[in-house]
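Right, one structure below, let's go through it.
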Amino acid sequence: MKEANYRPTVATVKLDAIKRNVQNLKAYLKENTEVIAVVKADGYGHGDVETARAALEAGAAMVAVATPDEAVRLREGGISADILVMGPSPVEFASQALQEDITVTVSDASWVAESAERLYDKSGKLKIHIKVDSGMGRIGLRSKEQLQSLLNEVGKSDKIMIDGIFTHFACADESDPSPTEEQFETFIRMVEEMPEKPRLVHASNSAATLLYPDFALDAVRFGISLYGVAPSPYTNTKLPFPLERAMTIETELAYVKLLPKGNRISYGGTYETSEDEWIGTIPIGYADGFRRGLRGQEVLIQGERMPIVGTICMDQCMVKLSRELPVGEKVTLIGRQGEEEIMFEEWAVALGTIPYEIMVSISKRIPRIY
Ligand SMILES: *Cc1c(COP(=O)(O)O)cnc(C)c1O
């Protein structure tokens, strides 16, 4: 699987961790609640086909992605399970979706009308999930009238079949439950307008799955926590079962030198040694997703935290070592060494963002090893 890689910088993905997260989730959910494994954005940076396969093997019933192209990639990668495209699809995608048995998300009647026209001479039925905007304000219908006209259009065509209806929570990872409870009620009122309940009624993302077991309905859409990461610090304090982290990022010391007091390091010369310092260079930089804002971030070497000093370059950066260490010594950027662990959350705090953004920013240049 691994292509030639002369650089020691790698992201190792433990597919067993993903499997155990799915198994623990299934044990926690009611027996008739399905797991939809969310593998959008290349499986949150972990590899879409590989993580989809692992999640399905562990008992997920379906996978979900954000875009039509992501769904097509999974089919090309040999994933034969049901795939839901959760974001908008253009009507131009309808016929390929039908052909490849990809389920699309629909929010309005005109989409149904236009795609029905495109599908009139095709065999089979296009599966759709209706999206309800219960308070996220992104995509989805908001009124009973909109739902009614969508159902009317579906009724006019024998090429379109309603397989599900769903909504998405905006604040499920926060401590105040009221916005999530209100969204859930709004959603359920809309579902009750359906003359026939579709096969899958679903609402919960990872946070809602972990914090609101009563909202699980027919399926949950489990994204970030599939990879072992809690959606927020608050959620992390309330986990009903342990999550196992799937990714570690490691490299090696590529160069080591003793830099005498008063010497500067990296672009701009903004770091100056205040004594004779052992400095290690590691082959990872902002082109790998190790963003410039992570200057000062620590890495683990021999179980010890040591800081990045000076500006992070595109492909390399420097670490202040606590002592002389050999070239080739393992450096952990994300993961555990002994008692110490560095998690995506730590980078997220340093950069003023959320772990989601960090995970999907680990660039393709770092090979994923399974
Ligand atoms: C991304 C996404 C999810 C998964 O969210 P997590 O917080 O990662 O679990 C679920 N549903 C929709 C509609 C999404 O866009």
Side-chain angles (χ1 to χ4, degrees), residues 18 21-22 24-26 28-29 33-46 48 51-52 55 60-71 74 82-89 103-107 128-141 163-174 179-180 183-184 187 200-213 215-236 238-241 243-247 344-345 348 353-361:
I18 290 173
N21 290 332
V22 172
N24 289 336
L25 170 62
K26 281 191 66 84
Y28 161 74
L29 293 171
T33 302
E34 307 270 29
V35 173
I36 302 175
V38 179
V39 299
K40 62 187 177 188
D42 199 24
Y44 291 53
H46 292 61
D48 51 2
T51 57
M62 188 173 184
V63 293
V65 290
T67 70
D69 302 86
E70 288 178 342
L74 289 179
D82 284 336
I83 302 174
L84 171 66
V85 177
M86 299 183 295
S89 290
T103 308
V104 296
T105 293
V106 177
S107 308
I128 66 167
H129 282 209
I130 298 169
K131 183 69 185 284
V132 176
D133 176 11
S134 59
M136 173 77 180
R138 194 165 62 181
I139 58 170
L141 50 84
D163 180 57
I165 183 166
F166 73 110
T167 196
H168 189 50
F169 295 126
C171 307
D173 60 341
E174 294 170 12
T180 306
Q183 277 198 265
F184 186 74
F187 175 57
L200 289 179
V201 179
H202 52 112
S204 294
N205 53 8
S206 296
T209 303
L210 298 166
L211 301 183
Y212 305 89
F215 294 175
L217 304 171
D218 298 323
V220 296
R221 301 185 307 278
F222 209 55
I224 193 163
S225 298
L226 183 65
Y227 311 96
V229 178
S232 65
Y234 174 72
T235 326
N236 204 22
K238 300 273 173 193
L239 296 180
F241 56 88
L243 296 171
E244 200 175 321
R245 285 162 188 281
M247 185 183 282
F344 287 117
E345 287 91 326
T353 183
I354 54 175
Y356 294 77
E357 193 184 14
I358 304 292
M359 293 160 73
V360 301
S361 306

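Order of listing sets the numbers, starting from 1, for every ligand and every atom in it. When a residue number appears, it is its place in the shown sequence, counting from 1.
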Notebook entry, point to check: So, Glu244 side chain and Asn21 main chain: donor-acceptor pair closer than 3.5 Å or not?
Noted result: no

Check: What's the spacing between Asn24 CG and Leu29 CG if we round to 0.5 Å?
Finding: 11.0 Å

Checklist line | Phe215 side chain reached by Phe169 side chain, heavy atoms, under 4.5 Å | finding: yes

In a simple table, one pair per line, please give the protein and ligand 1 atom names for every N or O pair closer than 3.5 Å, along with the distance.
unit_1   : atom_1 : unit_2 : atom_2 : d
ligand 1 : 7 (O)  : Tyr356 : OH     : 2.6
ligand 1 : 8 (O)  : Tyr44  : OH     : 2.5
ligand 1 : 8 (O)  : Ile224 : N      : 2.8
ligand 1 : 9 (O)  : Ser206 : N      : 2.8
ligand 1 : 9 (O)  : Ser206 : OG     : 2.5
ligand 1 : 9 (O)  : Gly223 : N      : 3.0
ligand 1 : 11 (N) : His168 : ND1    : 3.4
ligand 1 : 11 (N) : Arg221 : NE     : 2.8
ligand 1 : 11 (N) : Arg221 : NH2    : 3.3
ligand 1 : 15 (O) : Lys40  : NZ     : 2.8
ligand 1 : 15 (O) : Arg138 : NH2    : 3.3

Next item on the list: With the side chain counted from C-beta on, respond yes when Ile83 and Val65 share a heavy-atom pair under 4.5 Å apart, and no when they do not.
Entry: yes

Notebook entry, point to check: Taking the side chain as C-beta and beyond, is there a heavy-atom pair between His202 and Arg221 under 4.5 Å?
Noted result: yes

Next item on the list: With sequence neighbours left out, write down each residue that passes ring pair (Phe, Tyr, Trp, His ring centres under 6.0 Å) with Tyr234, or none if nothing qualifies.
Entry: none

